[in-house]
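The figures that follow rest on heavy atoms only: side chains count, while hydrogens, waters and symmetry mates do not.
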Amino acid sequence: MNLSLSDEQEFLREAASGSLARVKTVEAAREALEDPSALPDLWPLVKDAGWNGLLISEERGGAGLGGFEAMLVLEECGKVLAPTPLLGLLPASAILDAAGDESLAAVAGGDVRPAYVPARPPSDIDAEWSVESVSGFARGAAVRIAADGSVTGTVAWVPDAPGADLLVVVGVDADGAPAAVAVDAADATIEPATRYDATRSLGHVTFDHAAGRRLQVTERDLEYAWYLAQTLIASESLGSVQTTLAMSLEYAKERFTFGRAIGSYQSVKHELTEVLRRMENSRSLQFYAGWAAADKPDEFALAASAFRNAAGHALDHATRSNINVHGGIGATWEHDAPLFFRRAQLSRRLLGGTHDAADRVASELLLAAAAA
Amino acid sequence: MNLSLSDEQEFLREAASGSLARVKTVEAAREALEDPSALPDLWPLVKDAGWNGLLISEERGGAGLGGFEAMLVLEECGKVLAPTPLLGLLPASAILDAAGDESLAAVAGGDVRPAYVPARPPSDIDAEWSVESVSGFARGAAVRIAADGSVTGTVAWVPDAPGADLLVVVGVDADGAPAAVAVDAADATIEPATRYDATRSLGHVTFDHAAGRRLQVTERDLEYAWYLAQTLIASESLGSVQTTLAMSLEYAKERFTFGRAIGSYQSVKHELTEVLRRMENSRSLQFYAGWAAADKPDEFALAASAFRNAAGHALDHATRSNINVHGGIGATWEHDAPLFFRRAQLSRRLLGGTHDAADRVASELLLAAAAA
Amino acid sequence: MDLNDTPEQAGFRDQVRSWLKEHKGQAPPSTGDSGDSAYIDSRRAWQRQLAEAGLAGLTWPKEFGGQGKGPIEQVIVNQEIAASGVPGILDVIGIGMLGPCLIAHGTEDQQSRYLGSMLHGDEVWCQLFSEPAAGSDLAAVQTRAKRGDDGSWSLTGQKVWTTNAQFAAYGLLLARTDADVPKHKGMTMFIVPMDGEGVTIRGLRQITGEAEFNEVFFDDLNVAADAVVGGVGNGWGTALTVLMYERLTIGLGSEGFGYRSDRFAKALSTDKAACADPEVRQRLGDLSTDLLAVRFTGYRTLTALSKGQIPGPESGLAKVTTVNAAVAAGELLADVIGPDALSEDSEWFHMISFLPGLKSAGGTEAILRNTIGERVLGLPPEPRLDKGIPFSELRAKEKEAVG
Amino acid sequence: MDLNDTPEQAGFRDQVRSWLKEHKGQAPPSTGDSGDSAYIDSRRAWQRQLAEAGLAGLTWPKEFGGQGKGPIEQVIVNQEIAASGVPGILDVIGIGMLGPCLIAHGTEDQQSRYLGSMLHGDEVWCQLFSEPAAGSDLAAVQTRAKRGDDGSWSLTGQKVWTTNAQFAAYGLLLARTDADVPKHKGMTMFIVPMDGEGVTIRGLRQITGEAEFNEVFFDDLNVAADAVVGGVGNGWGTALTVLMYERLTIGLGSEGFGYRSDRFAKALSTDKAACADPEVRQRLGDLSTDLLAVRFTGYRTLTALSKGQIPGPESGLAKVTTVNAAVAAGELLADVIGPDALSEDSEWFHMISFLPGLKSAGGTEAILRNTIGERVLGLPPEPRLDKGIPFSELRAKEKEAVG
């Protein structure tokens, strides 16, 4: 029984923390709300660190690391709201690596930046692969991949699609079976769709018989990519929770009211303990997801969905508590608290959202119960 | 603008409180968990007070009062967990009165005790009248009323059915249209189904081509009966919340820990303020329901459902808080707190439950939005 | 139980309604840019019209230009103004809270100098109580007033969360005049000119990006001895009067800040998938239950007012309910609509962004629950560590604890 | 990151498993009536068998009959016992918490007299700390111990929430020996015979109707001077040792009291209407998320234990999560199944009824959050009004305040 980080993992985390600390990402997150050009370009930093090749096998020029290591890097990004393109890149690179695709050397070398155009796997009550809609409660149909590899359809709110070179698209073939293709970004229409959180690059991606290269992958690979993306956005949230809690604690210790530090009042103390509780639960589920990614593939869907659900809610709760603890000042433009609040509100609704993740936890458990 | 009780209403409430105070109903609620014969027979008290004729027109021998007055009486019953048969009787008498039925004199005189065998009206997304199932999440089909008035079907968890003389049954005719019949209780099978809360008389009622007397009522009358029942069980809950809060407050003021009365701690203070908040919200909605019952029939479904939803949750919250505030002692057999907890857990799941009431609030609002 | 007007009230309502029908063509738009002086001027002019028609200062005594009527009449005016779609008075804070305070505690000179031009919108007022280190704990104000040899006062300090400061003529300011006595005892209330030398006003941007409040800095502002309201050292009592009128104004106010269940239901009703989803319906049902309750809590408050009672602290619970239900509505709408609900041009952007801060406006929920637990439920107070200690020593202690 | 056993651990697990396989036929049923002495005797005999096989007191030093192993080996034994469906030791409290306290603080005579028979189940022990007026605030115990001229002690008072008292031979009792010093300083720990003269044991029925705990009354019970554990006046320190081992025992315990998401999902899976309902699914998904997290929090605790660390107060958060998730599960099951879920013969009756009380067992959630807020997050403590005040004066103050 050893649920702790290896020395290599600790090193990876510290290196990530160190290189991200050299950029004023949080300040940029505020400025970019009014001036998108204020966002720093972190692509050189990503390449320097080799994160673009993190999930690519060593024999193909990558680092050959696993899902858990990717989560650790995203957690560091989440701590400082760093606008890296990793949420789109990493699941894409995992699919490309599974397929042994010809683009891998260029991706590992940082010459080509891929982005994942996701589709959600079926559940116990929904037999279809589906995608995000531009608007409204109903999910959209997966893009259709013709026998010649050409692609048609729309996927909304695709992370890191703007500026990507290569789109790794999950859809269904003529028989409704899941499939994936690589599409040159120039052959798709990508409508930038940044909302509320300037650090989150999003696009609505539309294909109109776009030429695609079929990728030789299994259904399992495509499921893995979806759940990997869930764990990455969850890890970002877990990172943001830590920063938010630290901010709350600092203020709760130094701010006085009625002659006492506000952190001595039960209402504040218990609220921050609740943030800690949710943070620790999310941390535990990150370990579950990391372990399942490597050693227990049958539970990865359950673990990743539970992690996503817990971390998304933890961040929402933490950012609201942070504003509460700070009183009015926490709701002002110049304060950092609103930036994390914006992150929480948007992130919770991407990639199926925490709502879908909770449903997926139920789905996995009900499937297992029915099979038992 | 005058949202307060009239002198007559105040008198009705005080009289109810006074006569119920003469019976040790709370002690009986505990004893009856092990010995059902310990329950007092409150039927003579009900007749003395004239509550059996409360909703029957004066010209038919009743008091000719309205829904709001009925709510006030049930609230007093709820304060002391009094096992009166009013939850079953009052909606039944309202239907009989609307029909001008021949049984009214006997009901008003207390010689015949009727019980309402309910059916839930359709909603925006469920076109059928339906009834409680014995078990499981799906609702049951309404009983079928043949052209000759005979009735077939089962309705589970019918309040006050055991011991009733006359069943006022809501069902659907051969065309699926709602209808009501009066059935002699001897012609039905009534399986007693008391659970968890010994003060709540319940039965599963089965009709097998039972002879029934068609009642000349409108669909509106049958809807009214359902929503009236919602407001009555909600009023009981509101009464129970008040007793529970008083119990918590007394203890919070006299119990000391770490040198302070526990009520001085924010965790206790804020939890009890939350009980107050929910209680006051329920009270406001009781006024809404009472006003709509008399003056705004188009909003009665919305008002009654909102009241039911608020009061059911308020009581659940209040009884759990009460146990919390009392610490371990509040979870012991000899304490009164568990009796109110039992009341909360069972009541919230009868007559569609708070769950259905919340859904109905949505239904009414969405219907209104679609119509606007 | 009767939700209808009495015959007298109905008559008054008819009067108000017909005046509004006749004059609504002259009204400015209900919303506008508060930094645009032309818009503000149009609102001043409209307030003057309302005042001259007897539709402003309803509850002010007649001798001060008011109508000498009761709170129910004020509500009738509020309701009719809302129903006709025109804006109400510009200076809600002055007429609702600060004017009544001058009526209660001001000198005759102050009353005759300020109340008329306040009522007619010629001079708008703002409330200068909160400070960065004195929010919920208002008695901790640090803005310092020093008396000069000539009896005039010099004010230095910072106020925050000031609504309308950018176009106000005067402010009512709570300052510390004696730091060597316990904190509730060393304060005094002043009238200050917002264009005085040493006054700097700075917009304070919120999450939304809009400057809904201001910070106001005082650097050695000089005011004459007659600027004191209610006597030197009596500032806390004077402030409590303002806070009591604040509760009253909120009690008379609209139903829950415009957060209405029918509005949310309408927005959801066009999404058929959402309308058929049991979880969406539960959430809509629950939050609507709360908002409907608040509406009738408002009627209960009015009932109490019409009987001459003043709303107690428990009316603050309606704010808690409203804000939390509106947060739940924002959550639901964003879940159903998706990220576009968060777009700056979305109908819901402001609500979703503004509510987290609103939760702590006017005292945090925790302070409110403390007050209600103690004053309404009779629960014992928290131990107070600041009782009887000179203000200057308190500050020193805090600094030491953090240092 | 590795959830698997090391080779040594795997070897030990095999050993345990094969012993259990061989002997499970001799085990009594896992549950039975604790008032039935034949059943209790069968559990004693089974504990003796486990002890003789080296499967009890794993972490006790060898010199006291234990195995001198680490906590991970204890977990392995717990897991294998649970997996094989046989009951574990009868006297979890004695072996997990009270024995270790005697090992730490007891005299040699006490150790040799009591530990062996405790380990073998011949003499079961109970913990006599809580009192009606000393629950969360354990240092407020009022049970009085008076020293006689011969050095023996006379004990009078009432204890409550005592598990196993009805068949225990001895209890470890916290009593006040000096009321004239501040409350943490005037306490002493005693070994008391449960069949002594003046001891009355009464079952304390819970909401469920079952007597899961006892009240124990002491009326002038006489114990000799050598009944003191850890020295006169050192009772608080001795009690803290027990509480530390309590946390450890819980940390080593099963996953969340048997409240597992797969069990709840199985119960729901047969109701097709419920399985297709998005609201039911959200609730199942949310509570299962929490229970899955607790499982891995347990593994994190084990990781810490295997590195020689002792679980900190934050492990109490797992209890909060578990209890609240199980309450949510009870709610959901009752909503889906209907009133029959509340029937006494329902699988869920006990859980639904027992949980509200469990929330306050072992300190309320509020106390737990205080402790974690202060010790883990470093937030400042509440002002303590009882500091340094003699216990007798505290009581008098309280009485005055209520009177």
*Between D:Arg300 and A:Glu280, is there a donor-acceptor pair closer than 3.5 Å when you use the side chain of the first and the backbone of the second?*
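Checking the backbone N and O of A:Glu280 against the side chain of D:Arg300, a donor-acceptor pair under 3.5 Å is found.
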
*So, D:Lys307 side chain and A:Asn2 main chain: donor-acceptor pair closer than 3.5 Å or not?*
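Checking the backbone N and O of A:Asn2 against the side chain of D:Lys307, no donor-acceptor pair under 3.5 Å is found.
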
_A:Glu10, CD: over 12 other non-hydrogen atoms inside 6.0 angstrom_ =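 Above 12, so yes.
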
*Is the count of non-hydrogen atoms from other residues, nucleotides or ligands lying under 6.0 Å from A:Glu250 atom CD greater than 12?*
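Atom CD in A:Glu250 is not packed in, count stays at 12 or less.
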
*Between D:Leu377, D:Leu284, D:Leu292, which shows the greatest number of heavy-atom pairs under 4.5 Å with chain A?*
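Looking at each of D:Leu377, D:Leu284, D:Leu292 in turn, D:Leu377 comes out on top.
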
*Option that, when pairs with chain A are counted at under 4.5 Å, heavy atom only, ranks first among D:Gly378, D:Gly285, D:Ser261, D:Cys275*: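 Ranked by contacts with chain A, first place is D:Gly285.
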
What part of [X] gets closer than 4.5 Å to chain D, counting heavy atoms only: side chain, backbone, both or neither?
X        : result
A:Phe68  : side chain
A:Ser282 : neither
A:Ala310 : both
A:Ser4   : both
A:Ser248 : neither

[X] versus [Y]: any side-chain heavy-atom pair under 4.5 Å?
X        : Y        : value
D:Phe296 : A:Trp291 : yes
A:Leu3   : D:Leu302 : no
A:Leu285 : D:Thr289 : yes
D:Asn370 : A:His270 : yes
D:Glu382 : A:Arg260 : yes
A:Lys269 : D:Arg369 : no
A:Leu365 : D:Arg281 : no

Within this structure, what is the [atom1]-[atom2] distance for the pair [X] and [Y], rounded to the nearest 0.5 Å?
X        : Y        : atom1 : atom2 : result
D:Thr321 : A:Asn281 : OG1   : CG    : 4.0 Å
A:Asp356 : D:Gln282 : CG    : CD    : 8.5 Å
A:Met279 : D:Leu317 : CE    : CG    : 10.0 Å

What's the shortest heavy-atom distance between [X] and [Y], and which atoms?
X        : Y        : result
A:Ala252 : D:Leu379 : CB-CD2, 3.9 Å
A:Leu276 : D:Ile372 : CD2-CG2, 3.6 Å
D:Thr297 : A:Ser284 : OG1-OG, 2.7 Å

*For D:Val280, is it the side chain, the backbone, both, or neither that has a heavy atom closer than 4.5 Å to a heavy atom of chain A?*
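Nothing of D:Val280, per the 4.5 Å heavy-atom cut-off to chain A.
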
*Which atoms of D:Ser269 come close to chain A, meaning under 4.5 Å heavy atom to heavy atom: side chain ones, backbone ones, both, or neither?*
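The answer is both parts of D:Ser269.
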
*Heavy atoms only, distances under 4.5 angstrom: which of A:Lys296, A:Arg278, A:Gln9, A:Glu274 has the most pairs with chain D? Name it, please.*
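Option with the greatest count: A:Glu274.
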
